[in-house]
Amino acid sequence: MTELTQGKAWQNLEVHALKQRGRHLRELFGADARRFERFTFGLDDLFVDFSKQRVTGETMHLLHALAVETGVEAHRDSMFAGQHINTTENRAVLHVALRNRSGRPIYVDGTDVMPEVHAVLTRLDHFTREVRDGVWRGATGERVTDVVNIGIGGSDLGPAMVVDALWPYTRPELRTHFVSNVDDSHLARVLRDLEPERTLFVVASKTFTTEETMTNARSARDWLVTRLGEAAVGKHFVAVSTNAEAVGGFGIDHDRMFGFWDWVGGRYSLWSAIGLPIALGCGFDRFTQLLDGAHAMDEHFRTAPMDSNLPILMGLVGVWNRNFLGAVCQAILPYDQRLQRFAAYLQQADMESNGKSARRDGRRVDYTTGPIVWGEPGTNAQHSFFQLLHQGTELIPADFIVAARSGTALGDHHQRLLANFLAQTEALAFGKTPEEARHELEAQGFMGDELEALLPHKLFSGNQPTTSIIYDELTPYSLGRLIALYEHKIFVQGQIWGLNSFDQWGVELGKQLAKRILPALQGATVTDLPPATEGLLEVLKNRHI
Ligand code: G6Q
């Protein structure tokens, strides 16, 4: 057994969970008239309601003991202090420095990184203004109307999600596109509607070696050169990377490269120059408001006591659901269409960070770790998978994310959206008992065998745990704060589970194998492939290659 499961806090939680598992949210609300007030927390206009989670005061008390025992606060302080907490890559983890608006220095290996951070921000500001004001022109003297970000994973998901979420702050005359997949359909579809004279490519890659990104970047370059000639590349390509040499090798000059640092993990990099498409699409001032919002959450995470610290509370509630109630997944349900990419973004942030089974000390875990994260915006999701949430057999904790006010204010749409959010969280928590269902059927005129036959299908067991996260309106500031809330929640859980949340060795194996297989598709003889792969390869070759 690991020291986590042997520890007093874990063992106390297991005993507590045996009692708690059978309790229904109806009962918990019935037993405590002040439950709503006791389990809701805030930070400015951000309001988080844990009252529909299956926790009691005692549960939270025991979870806090677990956080103390696993050193969550000390580990958090190590991150902010620039220590090399990414142990397998021997790196600091300092996305918080990218949005450090406090004026305080942040040191990595004895050097204050803030001057460099500010220098890159100043360059981003300058470049963004040039493009948006039409000072920056393409090779033929045209203004830029389309920005194409070429990147994948952390160099795509964050900026793509944010630009989509902040669309009311974008201009129709400067569109932003994202190409990530090596499947040529992705690039081809975007390029079909673009004019090279007005297109600016941002090649975003920390390493500048990622196969998908480099393949797409080369094809985009060919597309441009075929139409405008080699000399046009300089006016239509910029790079975001830590690898100046490879950027130069691609033909992008140093003054059109925006750098960042090895202490910025890919999935935590949207706050760095990787956020360039956000600044181009929404304006640099909006980008800094995003940083301000994230910084507000950083300060809260760094200083708030554990019993009102939102990322710690969220992390603990998630651990309770995962390890003690046995939930396999975590649904993300924004009742905010602008957050339609948020679940996809969080899938990477959470599952690449905590989808691990080796502890930092190298031993295998003897408990479950990161949940499967998935979701879609409401109300759309209500008309697809909510059936399973209401009447299926799985325990599915869900986060409902809601703006009190709409940014677009069209008729009574927003009231209808909010009514659905309130209805769903109520239904998931409290369900419908046999008595209620029977009463309802009787009121509809059913009786006898017909009523008895229908009754089982009309039952809702409820007791599905949900957290409601409410903010006034989705602005760059509130979005930055929301993203940082989840980043730190993931941090808290990773620490409790004893993981290094900042490496991603799990994505390596597939990459290595693809490298070995590619020559076989290109006509070379590759001898050591397993029969299962050989078989599929032959099927594909016989079709067209
Ligand atoms: C994120 C991962 C991964 C990475 C991509 C792109 O944390 O490291 O998703 O962002 O593989 O890497 P490059 O930015 O180096 O192209």
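Here, residue 1 is the first one in the sequence, and each next residue gets the next number. First listed ligand is number 1; within each ligand, the first listed atom is number 1.
- Side-chain atoms of Q493 come within 3.5 Å of backbone N or O of G315 as a donor-acceptor pair.
- D361 meets the side chain to side chain donor-acceptor pair (under 3.5 Å) test with R359, R363; sequence neighbours excluded.
- Under a cut-off of 6.0 angstrom, the local environment of NE2 in H126 is sparse, with at most 12 non-hydrogen atoms contributed by other residues, nucleotides or ligands.
- Taking a heavy-atom cut-off of under 4.0 Å, ligand 1 is surrounded by I152, G153, G154, S155, S205, K206, T207, T210, G266, R267, Q348, E352, Q504.
- No donor-acceptor pair under 3.5 Å is formed between the side chain of T128 and the backbone N or O of F284.
- Residue pairs meeting the salt bridge (Lys or Arg N to Asp or Glu O under 4.0 Å) criterion with at least one member in residues 96-111, sequence neighbours excluded, are R99-D298, R99-E487, R101-D292, R104-E299.
- Partners of D164 by side chain to side chain contact (heavy atoms under 4.5 Å, CB included), not counting sequence neighbours, listed by chain and number: Q340, R341.
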